[in-house]
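Every value quoted in this text rests on a predicted model; they were computed, and no experiment measured them. Throughout, protein chains are lettered first and strands after them, A, B, ... in sequence-line order, and every chain is numbered starting at 1. Excluded from the calculations below are hydrogen atoms, water molecules and symmetry mates; all remaining heavy atoms, backbone and side chain alike, are included.
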Protein chains: 2
Amino acid sequence: MINDSQVVNAAFRGSFEPALIEEINRIGIYQEVEEGEYLIRPGSYIRSVPIILSGSIKIMRPDAAGNEALLYYLSGLDSCAISMTGTPDNKPSEITAIAEEKTRLIFIPVEKVDEWICRFPTWKQFVFRTYQRRFDDMIATIDSIAFQKLDERLLTYLKKKTQSCQCTVLQITHEEIAREMATSREVISRLLKQLERVGYLRLSRNKIEIL
Amino acid sequence: MINDSQVVNAAFRGSFEPALIEEINRIGIYQEVEEGEYLIRPGSYIRSVPIILSGSIKIMRPDAAGNEALLYYLSGLDSCAISMTGTPDNKPSEITAIAEEKTRLIFIPVEKVDEWICRFPTWKQFVFRTYQRRFDDMIATIDSIAFQKLDERLLTYLKKKTQSCQCTVLQITHEEIAREMATSREVISRLLKQLERVGYLRLSRNKIEIL
DNA sequence: GCGGTTCCGTGATATATGTCACACGGGCGA
DNA sequence: TCGCCCGTGTGACATATATCACGGAACCGC
């Protein structure tokens, strides 16, 4: 049986200095969430920053009309830049975070994020790399929405999805894809069918197998 | 005649502690750019971070096919978060920064950005607020592209534009708007005409007057 | 004033995407 | 086993946006 601190140690060794790992073990709150569980809902206040140990989390942006747009995925050793910055003004969150699969993470209180920056060089590096990655992700998202047609977007969507879950069989409904891409189910069904005809994937109920 | 350090002092007094202002005066490189001038082009390397003293800068994202998408504007006391993070891996920039009008700014070498974070609390605060603002901007951009129809997008575009230049008369061509919104000139012309009929604005050559 | 250039207005048409309506089939609980 | 719900496939149609093809108006240099 693996306990929390072993998991943390294994995940961070090599990235963080020992004193920092110890601090994380002491302060961080370990948590496991199941697939589909919400970590953040719009309107809630973010008081701590999650670091993903294993699994993956998807970050979405809902709009007033009930649509959503996928911003990016978080997986191993990623963290959510929005939650680092989201708090200073004490504004509530404007995003949604949902576990894509069973996910283990550790929460660090925001004050500590700040405090550690000057105490641990590797932490500062981590925080900045996190920002940079999330910026790159957001730019990629904008690229995709602004420049690509739906069929291309669907392809990049499927690619990212398989990357983030590290498998070729997606357990997902057309409806859900449509929601994440802010379009309608029928359109996705048609495009998927098209991709199946071309031999890019195989469809069945609740399942898409990439070839 | 105003000299550089007076400008800098006036801009930063109240936001930064005196020691930091002095440091900025000593290290930062003051520069003025004219309207239309490029600060960053895709492919160039970013070795220093600009802080805008007055004027405004627009940050765009070009794609391979020659289209562009507007990411956000920078104006008084803003800074570009991408340039803070853009350097760690020594990757070239993937964005474009263009002066919207005559703009005064001061460049801080990236190493100093990093160093000052632990030395000056107000600087750390500044850096984090910058990140947060840019994140919010990017999310607003995604909202607009993902959820709004072109006519609404055009409205929000015009609003932001007037905000950033602080005036109601925009010196701009339909072609340029189209490029920034990644669509075509005819479409923008039609939509603008529509807005004129509704009495929202008045059109003339190279000029849009918001009412 | 003249010729060229840039910007703008607008019809006609093409294409992509969104919406509606409905049928089919599989799973699953009563 | 029956009925029902959910996910899917698909035609027909509505709408939004892109593209093409012009013509005309404003401006600029000569």
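- Stacking of A:Arg41 on the aromatic ring of A:Tyr38 is recorded, both the 6.0 Å distance cut-off and the 45° axial limit being met.
- Whole-Å rounding puts the A:Arg190 CZ to C:dT19 P distance at 12 Å.
- Between the side chain of B:Arg185 and the base of C:dG9, a donor-acceptor pair under 3.5 Å is found.
- Geometrically, A:Arg134 engages A:Tyr72 in a cation-pi contact, judged by NZ or CZ lying under 6.0 Å from the ring centre and within 45° of the ring axis.
- Under 4.0 angstrom from either OP1 or OP2 of C:dG18 there lies at least one side-chain N or O belonging to A:Thr183.
- The residue among A:Arg205 and A:Ser189 whose nearest nucleotide of DNA chain D lies closer to the 5′ end is A:Arg205.
- If you measure from atom CG of B:Leu150 to atom C1' of C:dT15, you get 15 Å, rounded to the nearest angstrom.
- To the nearest angstrom, P of C:dG11 lies 12 Å from NZ of B:Lys193.
- Of the candidates C:dG9, C:dT19, D:dA18, C:dG9 carries the atom nearest the B:Leu203 side chain, counting heavy atoms from C-beta on.
- Taking atom CE of residue A:Met181 and atom P of nucleotide C:dA16, one finds them 15 Å apart after rounding to whole Å.
- For C:dC20, its base sits under 3.5 Å from the side chain of A:Glu186 at one donor and acceptor pair at least.
- Contact between the side-chain N/O atoms of A:His174 and the OP1/OP2 oxygens of D:dG9 is found at a separation under 4.0 Å.
- Between B:Thr173 and the phosphate of C:dC8, there is a side-chain N or O to OP1/OP2 separation shorter than 4.0 Å.
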_Please evaluate residues B:Glu35 and B:Lys102 with respect to the criterion salt bridge (charged side-chain N to carboxylate O under 4.0 Å, His left out), reporting the C-alpha separation (whole Å), side-chain torsions for both, the decisive distance (0.1 Å), and the verdict._
CA-CA 5 Å; B:Glu35 178 182 341; B:Lys102 184 184 169 77; over 6 Å; no
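- By the 30° and 60° cut-offs, the orientation of the rings of A:Phe135 relative to B:Tyr131 is tilted.
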*Should A:Lys149 and A:Glu152 be marked as a salt bridge (charged side-chain N to carboxylate O under 4.0 Å, His left out) after you check the CA-CA gap, both sets of side-chain angles, and the distance that decides it?*
CA-CA 5 Å; A:Lys149 297 262 172 86; A:Glu152 300 173 275; over 6 Å; no
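- If you measure from atom CG of B:Leu191 to atom P of C:dT10, you get 13 Å, rounded to the nearest angstrom.
- Regarding B:Ile177, its CD1 atom lies at a distance of 11 Å from the P atom of C:dG9, rounded to whole Å.
- C:dG18 atom P lies 8 Å from atom CD1 of A:Ile188, rounded to whole Å.
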